[in-house]
Amino acid sequence: MEEMTKYLKRSIILLVLSLFFLSIHIQLAINFSVKKTAYHVVNRISRQIQERHFSRKISSTNKTGSMDNYRNKLYIVMNSPAGHASYVGNNENCTDIRDKTNCILSCPETSPKLVGRKTPYLFIPTTTKLKTALSWVKNGGRYSPYGCIPRHHVAVIIPFRDRDQHLKTFLYNIHPFLRRQQLDYGIYIIEQIGTSKFNRAMLMNIGYAESIKIHKYTCFVFHDVDLLPEDDRNSYTCTTQPRHLSAAVDKFKYRLPYKAIFGGASALSQSQLQSVNGFSNKFFGWGGEDDDMWNRLMHANFTVTRHSNKIARYTMLRHGKEKGNKHNTKRYKLLEDGYKRFKKDGLNSLTYNVVRIQINPLYTRISVDINEKEVMKVNAYFYT
Ligand code: UDP
Ligand code: MN
C-alpha cells in the first residue's frame, strides 16, 4: 500500500512539473507570435503613412518649383523599405512612389556595380584603345549614371605638368572605377604651363574655383596623376569629415608613412574647403602643401577620416623628380607659421591666368599661368 502511495505521489509531481513547463512553452510561443504580428502591423502602418506623406510632398513641390529645383533640394525624401535606395520623382507625373514609370530611384548608398579589389592596368594605352574602351565617357571627361539619380557630384582635380604617359594610364583606370561607383563626375587636369616652380596646392585651388563654374559639384577629389586605386570600395565621395583616400600606397608598403599625411588623394566637400579657405598658395616646389592642409583642417576642428588599409590601396606609377619640382627648402618655415596665413592665403587670394580651357573627350584640361613673385607678394604684409 505504501509503495502504491509513493508511486502515485511521484507521478503527480511529474505531471504537475510537465504541465508547468508546457504552459511556459505555450506562453512564450504566444508572446512571440503576438509580437511578430504587432511588429508587422506597426511596420505596415508606418510605411503607409510615410508613402502618403511622400506623395503629398512631391505633388506640393511640383506646384511651386521647376523639377530641377525640386531635384536639387529635395531628392532624398524617404528611405525605401529595403533601406538602400530612396525614391525620387523624375518628372511632374510622379505623385505616387508605386508608379515606377514616372518615379525613379536615387542611386543606392552602396553601388551594386562594385567589384572590390582589382589590379590596375599599368600599361600606356594608345589613343585608339583609350577611345574605344571609354566611348561611354562624355566630352570633357564627364559621366553620370543611368537609371538612378546620383547622390554625389564629384570633380576629380589633378595637378599636372608634363606627365602625359601617366595621364593615359590614369584615365584608362579611373573612368571605369568612377563609373562603377555610380557618381556624377568630371575629370579636370589643371596644367601649370611654363617653367616656373610647380605649385601643386595652388593648382588644386584653381581646379576647385574653375570646376564649380562648369558644373554643380559639391565634392572635390584632389588626386595625383600617378596614383591608381586598387579597390572600388574606396569611395570617392564626401562625408561630414574630410577624407584622406591614399592611405595604403605600394611605394610605402601599403602602410601609412605618418599619421598626419594628407597628400596623394583626398576628398573634401565644398563647405569643408570653404571653411579652411582651401589650400595655401605659397608652396612652390615639392613638399609641405599637404601638411599645411592637415594643419588647416585640425585648426578648424575637423577629424580626417580614412578607409581601412585593405580598401584604400593604390599603385603608384614610377617616376623621377622633375627639375621644376625640386624640394622646397622653405617648407618647414612656411608650415611653422602657416596658422598666421590660413585666413588670408588660399581660395580668397588666388591670382592666376587661365591660358586655355580644352574640352577633350576624356578630360577637361585647364592650362594656367602662375607667377611665383606675384603670388608670394599677395598679402605678404599681413604675415610679418
Ligand atoms: N606633378 C606633375 N608634374 C610635375 C610634378 C608633379 O604633374 O612636374 C603632379 C602629378 O600629379 C604628381 C603630383 O603632382 O602625381 C605629385 O608630385 P610627385 O609625384 O612628384 O610627388 P610624390 O611622388 O613625391 O608624391
Ligand atoms: Mn608621385
Side-chain angles (χ1 to χ4, degrees), residues 120 122 124 141 155-175 177-178 186-208 210-211 220-230 236 244-258 260-267 278-294 312-329 331-332 335 352 355-356 358 360 362-370 372:
L122 300 181
I124 303 163
V156 179
I157 291 160
I158 327 280
F160 184 87
R161 179 156 75 187
D162 203 14
R163 293 262 189 120
D164 293 305
Q165 310 297 61
H166 282 180
L167 179 56
K168 284 180 192 160
T169 310
F170 177 76
L171 292 168
Y172 192 77
N173 284 282
I174 207 73
H175 275 298
F177 171 91
L178 295 170
I187 307 280
Y188 296 88
I189 302 297
I190 317 298
E191 178 187 37
Q192 184 174 341
I193 59 152
T195 50
S196 54
K197 266 187 247 158
F198 194 69
N199 190 330
R200 181 176 175 270
M202 190 165 162
L203 291 171
M204 300 199 286
N205 277 344
I206 297 171
Y208 165 74
E210 292 297 320
S211 64
F220 302 83
V221 167
F222 300 100
H223 211 295
D224 282 1
V225 73
D226 54 19
L227 283 177
L228 308 174
E230 297 180 10
Y236 279 26
H244 178 235
L245 294 166
S246 51
V249 183
D250 64 343
K251 184 184 162 184
F252 302 120
K253 301 200 165 62
Y254 294 106
R255 271 180 250 143
L256 206 62
Y258 57 101
I261 193 167
F262 201 65
S266 57
F279 292 84
S280 165
N281 299 314
K282 310 270 179 188
F283 286 81
F284 284 83
W286 186 93
E289 82 293 344
D290 45 351
D291 299 328
D292 183 81
M293 178 48 115
W294 175 276
R313 288 166 63 93
Y314 287 81
T315 303
M316 199 181 109
L317 296 168
R318 299 286 171 251
H319 61 82
K321 269 261 160 331
E322 285 87 356
K323 271 192 201 150
N325 196 25
K326 290 207 177 106
H327 281 225
N328 176 8
T329 48
R331 66 186 188 279
Y332 302 110
L335 273 173
Y352 61 98
V355 176
R356 188 172 50 240
Q358 226 176 36
N360 291 317
L362 300 178
Y363 63 93
T364 297
R365 185 191 288 246
I366 302 176
S367 305
V368 294
D369 185 14
I370 296 175
E372 182 176 352

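Both ligands and their constituent atoms are indexed starting at 1 by order of listing.
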Exercise. State whether the number of non-hydrogen atoms from other residues, nucleotides or ligands found under 6.0 Å of Asp162 atom CG is greater than 12.
Key: no

Quiz item: Is the side chain of Asp250 donor-acceptor paired with the backbone N or O of Met316 at a distance under 3.5 Å, no angle test?
Solution: yes

Quiz item: Can a non-hydrogen atom of Asn325 be found less than 4.0 Å from any atom of ligand 1?
Solution: yes

Self-check item: Side-chain H-bond candidate by donor/acceptor type, Asp291 with Tyr258, under 3.5 Å
Solution: yes

Quiz item: Which option out of Pro159, Ser246, Gly285 puts a heavy atom nearest to atom 11 (O) of ligand 1?
Solution: Pro159

Exercise. May I ask you to check whether Tyr208 and Phe279 place their ring centres under 6.0 Å from each other?
Key: no

Quiz item: Can His223 be said to touch ligand 1, with heavy atoms closer than 4.0 Å?
Solution: no

Exercise. Please answer whether the main-chain N or O of Leu362 pairs with a side-chain N or O of His175 as donor and acceptor at a distance below 3.5 Å.
Key: yes

Quiz item: Please state which protein non-hydrogen atom is closest to atom 21 (O) of ligand 1 and give its distance, to 0.1 Å?
Solution: Trp286 NE1, 3.3 Å

Quiz item: Counting only heavy atoms not in Lys321, do more than 12 sit closer than 6.0 Å to its NZ atom?
Solution: yes

Quiz prompt | Residue portion contacting ligand 1 (non-hydrogen atoms closer than 4.0 Å) for His166 | solution = neither

Self-check item: Shortest protein heavy-atom distance from atom 16 (C) of ligand 1, along with the residue and atom involved
Solution: Asp224 OD2, 3.4 Å

Exercise. Check whether the side chains of Glu230 and Thr315 place a donor and an acceptor atom closer than 3.5 Å, and report yes or no.
Key: yes

Self-check item: Ser367 side chain vs Glu191 backbone, donor-acceptor pair below 3.5 Å
Solution: no

Self-check item: Under 4.0 Å to a heavy atom of Lys321 - the qualifying atoms of ligand 1, by number
Solution: 24 (O)

Quiz prompt | Lys/Arg N to Asp/Glu carboxylate O, Arg331 vs Asp290, below 4.0 Å | solution = no

Quiz item: Yes or no on side-chain contact (heavy atoms from CB on, under 4.5 Å) for Tyr363 and Val156, after CA distance, side-chain angles and deciding distance?
Solution: CA-CA 10 Å; Tyr363 63 93; Val156 179; over 6 Å; no

Exercise. Under the salt bridge (charged side-chain N to carboxylate O under 4.0 Å, His left out) rule, what do Asp292 and Arg200 come out as? Steps first, then yes or no, please.
Key: CA-CA 12 Å; Asp292 183 81; Arg200 181 176 175 270; over 6 Å; no

Practice problem: Could you find the nearest protein heavy atom to atom 23 (O) of ligand 1 and give me its residue, atom name and distance? | Solution: His319 NE2, 3.1 Å

Quiz item: What's the shortest distance from atom 3 (N) of ligand 1 to any protein heavy atom, and which residue and atom give it?
Solution: Arg161 O, 2.8 Å

Self-check item: Shell of protein N/O/S atoms around the Mn ion (ligand 2), taken as anything under 2.8 Å
Solution: Asp226 OD2, His319 NE2

Quiz item: When you look at CZ of Arg318, are more than 12 heavy atoms from neighbouring residues, nucleotides or ligands closer to it than 6.0 Å?
Solution: yes

Practice problem: Measure the distance from atom 12 (C) of ligand 1 to every protein heavy atom, then report the residue, atom name and distance (to 0.1 Å) of the closest one. | Solution: Arg163 NH1, 3.7 Å

Self-check item: Under-4.0 Å heavy-atom contact with ligand 1, by part of Asp226 that carries it
Solution: both

Quiz item: Relative to atom 14 (O) of ligand 1, which among Phe160, Phe198, Phe222 owns the nearest non-hydrogen atom?
Solution: Phe198

